[in-house]
Amino acid sequence: MDSEDATHTIFDSASSLQEGCRLPVKMSGTNDWPLAEIISIREGSDRNNYYYVHYVDFNKRLDEWVTEEFLDMRKVQFPSKDGLTTGQNTGVTTPKKLPPALTCSRPVSPVQTPTEITVNGGAVLEAALQKKNSRKRKATSTENEDNSEDVPPTPTPRQSGSMVAHHDDVVTRMKNVQLIELGRHRIKPWYFAPYPQEMCSLSCIYICEFCLKYRKSRKCLERHTKKCNLRHPPGNEIYRKATISFFEIDGRKNKSYAQNLCLLAKLFLDHKTLYYDTDPFLFYVMTEYDSRGFHIVGYFSKEKESTEDYNVACILTIPPYQRKGYGKLLIEFSYELSKFEGKTGSPEKPLSDLGLLSYRSYWAQTILEILILQKPTGDNEKPQITINEICELTSIKKDDVISTLQILNLINYYKGQYIICINKETIDQHRKAMDKRKIRIDSKCLHWTPKDWTKRSKW
């Protein structure tokens with residue numbers, strides 16, 4: 001049997017299919033037939049088989065149950081004893097496809113003379129760039145302490161709000177909640193979340209949008225809301241401008257709320273290990289106010305003590321509020337807190353795909369804004385700024401500043417020093433992007449004093 005025959009087997013029915021098989025599957029809402037892996041098979045009440053499939057190289061939130069007519073039986077790859085599907089190449093790793101928005105194309109060469117900004121401290125920048133390149137070459141080395149950017153840390157019981165990868169067993173690979181109702185919104189979850197089994201068997205979980213407790217029916221929720229005194233998240237309101245407010249919640253003082261918030265977040269965050277020890281974390285919940293109360297829009301969590309200077313452990317905008325600028329507002333607020341603390345910060349890795357997009361966009365816009373506003377120090381001189389000065393002005397960590405400049409392809413080495421060249425097209429694109437950001441954080445509206453969490457008595 002040649003390799004072609006070994007890879008593709010033709011069947012007339014799906015009776016021989018098993019978990020682990022790969023075959024083309026028609027993706028709901030599209031005319032595409034991407035390769036998918038069968039995660040689970042079950043028999044429905046109508047006696048038909050249903051197949052839970054994961055589309056290879058696509059985000060898990062697209063996973064779904066399909067029926068036999070969605071399966072292309074002409075090309076089936078069966079799993080072999082070594083865990084690989086028949087026909088898989090064991091020596092070559094197929095690169096994962098990235099969403100178009102994650103790919104950064106090289107900027108078009110400028111027609112006009114680009115704006116040049118000299119980056120002082122070239123030796124520091126060169127060392128950082130060499131260090132970054134070395135880290136890419138030695139990704140498997142345990143001697144490089146900065147490898148934590150690429151390798152998820154080992155989960156510990158304290159990391160209740162961190163975004164570290166969890167064990168991908170069959171149960172956690174499958175969505176277990178069909179629908180949730182949160183305030184005015186009915187939302188279809190994206191990922192597995194460890195709600196109680198009796199809740200997961202329901203067609204919808206009803207969640208109080210103020211205390212985040214879950215109920216099994218709308219009638220139960222209505223009885224709960226008559227007793228629930230909350231009309232905003234517990235904790236201190238530390239920011240308010242127009243209808244937007246931020247509340248700081250201590251994971252130790254408001255344990256029940258923090259745990260329910262983690263459960264809710266897990267429905268929409270894949271790379272999040274959920275534990276019930278929320279004591280080491282602070283939660284910053286963003287709300288939108290109307291006559292009924294303060295409605296949750298999104299949140300981020302933050303370790304009280306972070307040895308890696310992480311200013312965000314986990315971040316989420318609730319799906320109904322996505323694509324409205326709230327994600328960047330959450331990120332901007334996290335860096336505003338870092339400015340009050342007098343520190344530079346960075347989000348904990350790995351970021352979700354949507355989180356990575358938001359952060360890259362925020363870093364690019366914030367750094368470009370600083371560079372564009374730089375003025376020459378004298379006649380016939382170019383503007384000058386150091387990497388450290390950019391970090392101080394933005395509170396963005398040095399590694400993130402350098403990687404952003406590289407992704408934007410702005411750093412050039414010229415006559416023994418590093419310079420940043422910004423062409424007119426980049427400036428125009430930046431201004432258009434900034435015009436779309438209608439809501440911004442106003443530091444004057446933040447009333448907050450950082451605490452020294454190194455003293456455990458304050459916990």
Under 3.5 Å side-chain donor-acceptor pair for [X] and [Y]:
| X | Y | result |
| --- | --- | --- |
| Asp32 | Tyr55 | no |
| Tyr326 | Glu288 | yes |
| His54 | Glu37 | no |
| Thr317 | Gln322 | no |
| Tyr206 | Arg186 | yes |
| Thr426 | Asn423 | yes |
| Gln178 | Ser203 | no |
| Glu369 | His430 | yes |

*Name all residues meeting the side-chain hydrogen bond (donor to acceptor under 3.5 Å, both in side chains) criterion together with Ser338; count only those two or more places apart in sequence or in a different chain, and write none if there are none.*
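Testing Ser338 for side-chain hydrogen bond (donor to acceptor under 3.5 Å, both in side chains), a comparison that skips the adjacent residues, returns Asn311.
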
Check whether [X] reaches the backbone of [Y] with its side chain - one donor and one acceptor, N or O, closer than 3.5 Å.
| X | Y | result |
| --- | --- | --- |
| Lys398 | Ile402 | no |
| Lys266 | Leu269 | yes |
| Thr366 | Trp363 | no |
| Asn236 | Ile238 | no |
| Ser361 | Ser358 | no |

Decide, yes or no, whether a salt bridge links [X] with [Y] under the criterion of side-chain N to carboxylate O below 4.0 Å.
| X | Y | result |
| --- | --- | --- |
| Arg431 | Asp435 | no |
| Lys302 | Glu248 | no |
| Lys451 | Glu305 | no |
| Asp353 | Arg61 | yes |
| Glu392 | Lys339 | no |
| Lys255 | Asp279 | yes |
| Glu198 | Lys216 | no |
| Lys304 | Asp250 | yes |

Would you confirm whether the ring centroid of [Y] sits within less than 6.0 angstrom of the ring centroid of [X]?
| X | Y | result |
| --- | --- | --- |
| Tyr321 | His295 | no |
| Phe333 | Tyr239 | yes |
| Phe210 | Phe294 | no |
| Tyr195 | Tyr214 | yes |

*Between Phe281 and Phe283, what is the ring plane arrangement, given parallel below 30°, perpendicular above 60°, and tilted in between?*
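Tilted, since the angle between the ring planes falls between 30° and 60°.
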
*Fit a plane to each ring of Trp448 and Tyr284, take the angle between them on a 0 to 90° scale, and name the class: parallel (under 30°), tilted (30 to 60°) or perpendicular (over 60°).*
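Geometry flag for Tyr284 against Trp448: perpendicular rings.
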
*ring pair (Phe, Tyr, Trp, His ring centres under 6.0 Å) with Phe268: which of Tyr191, Trp190, Phe192, Tyr299?*
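It is Trp190, the one option of Tyr191, Trp190, Phe192, Tyr299 that forms the ring pair (Phe, Tyr, Trp, His ring centres under 6.0 Å) with Phe268.
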
*Taking Tyr335 as the fixed residue, which of Phe300, Tyr362, Phe340 is the one that meets the ring pair (Phe, Tyr, Trp, His ring centres under 6.0 Å) rule?*
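Between Tyr335 and the candidates, ring pair (Phe, Tyr, Trp, His ring centres under 6.0 Å) is satisfied uniquely by Tyr362.
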
*Which residues pass the side chain to side chain contact (heavy atoms under 4.5 Å, CB included) test with Gln429, sequence neighbours left out?*
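Only Glu425 meet the side chain to side chain contact (heavy atoms under 4.5 Å, CB included) criterion with Gln429.
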
